[in-house]
Amino acid sequence: MTTEERTAGVRLSTREAAERLGVKPETVYAYVSRGLLGSRRAPGGRGSTFDPGEVDALARRNRRAAQQPPVDDATGAVRTAITLIDGDRHYFRGVDATALAERYGYEEVAEWLWTGVLRRGVRFTAPPQALAAARRAVAALPGHSGPMDRLRAIAVAAAVEDPLRFDLSPEAVLGAARGLIPTLVRALPAAGTAHQGEGGPARLLWSRLTARPADEASLRVLDAALVLLIDHDLAASTLAVRIAASARAHPYAVVSAGLGALDGPLHGAASGLAHRMLAEVLDRGSAAAVVADHLRSGGPVPGLGHRLYRAEDPRAVMLLRLLEDVPYAERALAAAREVAATTARHAPAHPNVDLALAVLSVSSGMAPEAGETVFAVARTAGWIAHALEEYEEPPLRMRPSGHYVGPRPPQPLPAP
């Protein structure tokens, strides 16, 4: 910032700020949306202006960051400003995730995570053509198709209906995301004759998960779960998303990559294992025998412990507390606590978010895969946040080298 600029209070236009930062004008607005740069409307309301000192400070930070590798070769760590897990707390952009879930809804938190702007009452809308195509794709699947099969089909159908899907500017990606999330929910078949009309994502998703009428206490749990599951550092599905985004895959393909990695018993489907365990505890009337069966088989007890938390999973703590306000969840909640207490006789055992989702799904008459569906819909917002971040990095940076351990050449041609 020059002395003349400081004295005169001169502000920079978007083009001038972009030149100082060495980026495109679209990236300047991305910096603003992520809270990295402030802006004011220009006189007359045409365009934005920027403080030269703030622009220069950001340019210096960017130069320092560019001198460090985006991926730490020693640890495999990836720079990200989205989620921090510190001790037994979970933060989105430095804000406690449970505090966000207490006060705001899923769409509000998703919009804030993407843009840095909190818009109270924001609602995402499914594009009619994309929704119609997605419903046709789901209807064409075999009857035994699972929720992940349906969600992947929906993402592909929505992509085909969006001719602008290859536009990776922040505005285009955000537009795609705001349409894809409600399409994922609304294109799922209804679980019964429950209300299927308008409403927030929790109410709409509820009607796809159970035929039981929705009550406010249960919807509060479901909406909080959607917020808490938006992101959780670089889980397997999120890493798949970042690799796809690094190759400049469009946002629908990025989400499809996440859905593919999520479809496994050690990730998104873990809540289904906890659901079946709780159902068995309720059927047999005791947790001891069920826990013993799991331990005898050599596997872990579903829904307990988490490798990123030394003690309690803060997401589970919040959801289990909210479930106390759901009258028909009392038995499943007691069963979950009995499982944890029984297992803790020999080793510390704290409920994780999968067990909390299982309490909700078992007590609400949902299928075992319901938790997986909640997980996938919620995490879509986090995947988009990571894609937006990765699109700002050099392309194809996430390209590890293979360590070959096969036979050394030359080898003879294989015989028929």
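- With T343 contributing its side chain and A340 its backbone, the two residues share no donor-acceptor pair below 3.5 Å.
- At a threshold of 4.0 Å, the pair E216-R203 counts as salt-bridged, since one of the basic side-chain nitrogens sits closer than that to a carboxylate oxygen.
- Side-chain contact of H386 with D231: a donor-acceptor pair under 3.5 Å is present, judged by distance alone.
- Panel note: side chain R310, backbone D88; no donor-acceptor pair is recorded below 3.5 Å.
- T83 places a side-chain heavy atom less than 4.5 Å from the side chain of F92.
- Salt bridge absent: E107 and R119 never bring a charged side-chain N and a carboxylate O closer than 4.0 Å.
- W383 places no side-chain N or O within 3.5 Å of a backbone atom of S256 that could act as its donor or acceptor partner.
- E108 has no carboxylate O lying under 4.0 Å from a charged side-chain N of R103, or vice versa, which leaves the two without a salt bridge.
- Qualifying side-chain contact (heavy atoms from CB on, under 4.5 Å) partners for E171, counting only residues two or more places apart in sequence or in other chains: Y29, S169.
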Using residues 269-280 as the side-chain source, report each donor-acceptor pair under 3.5 Å to any protein atom, sequence neighbours left out, with the distance given to one decimal.
| unit_1 | atom_1 | unit_2 | atom_2 | d |
| --- | --- | --- | --- | --- |
| S271 | OG | E372 | N | 3.4 |
| H275 | ND1 | S361 | OG | 2.8 |
| R276 | NH1 | G272 | O | 3.3 |
| R276 | NH2 | E369 | OE2 | 3.3 |
| E280 | OE2 | R284 | NH1 | 2.8 |

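- Contacts classified as salt bridge (Lys or Arg N to Asp or Glu O under 4.0 Å) and involving residues 328-343 (residues at least two apart or in different chains) are given here: E324-R337.
- A donor-acceptor pair under 3.5 Å is absent between the side-chain atoms of D149 and the main chain of R152, judged by distance alone.
- Between the side chain of T210 and the backbone N or O of S364 there is at least one donor-acceptor pair closer than 3.5 Å.
- Looking at S218, its side chain never comes within 3.5 Å of a backbone N or O of A214 through a donor-acceptor pair.
- The backbone N or O of G303 lies less than 3.5 Å from no partner atom in the side chain of D354, so there is not a single donor-acceptor pair.
- A pairwise comparison of heavy atoms in A329 and L323 identifies CB-O, 3.9 Å as the closest pair.
- Under the 3.5 Å distance criterion, the side-chain polar atoms of R93 are matched with a main-chain donor or acceptor of L113.
- In this structure, the side chain of R165 does not engage the main chain of H250 through any donor-acceptor pair within 3.5 Å.
- Under the 4.5 Å side-chain criterion, counting only non-hydrogen atoms from C-beta, T238 is not in contact with D233.
- Not less than 6.0 angstrom separates the ring centroid of H90 from the ring centroid of H306.
- The residues R397 and E390 are annotated as salt-bridged, a charged nitrogen and a carboxylate oxygen being separated by less than 4.0 angstrom.
- The main-chain N or O of A202 is never found under 3.5 Å from a side-chain atom of D223 such that the two would form a donor-acceptor pair.
- A cation-pi arrangement, defined by a distance under 6.0 Å to the six-membered ring centre and an angle within 45 degrees of its axis, is absent between R20 and F50.
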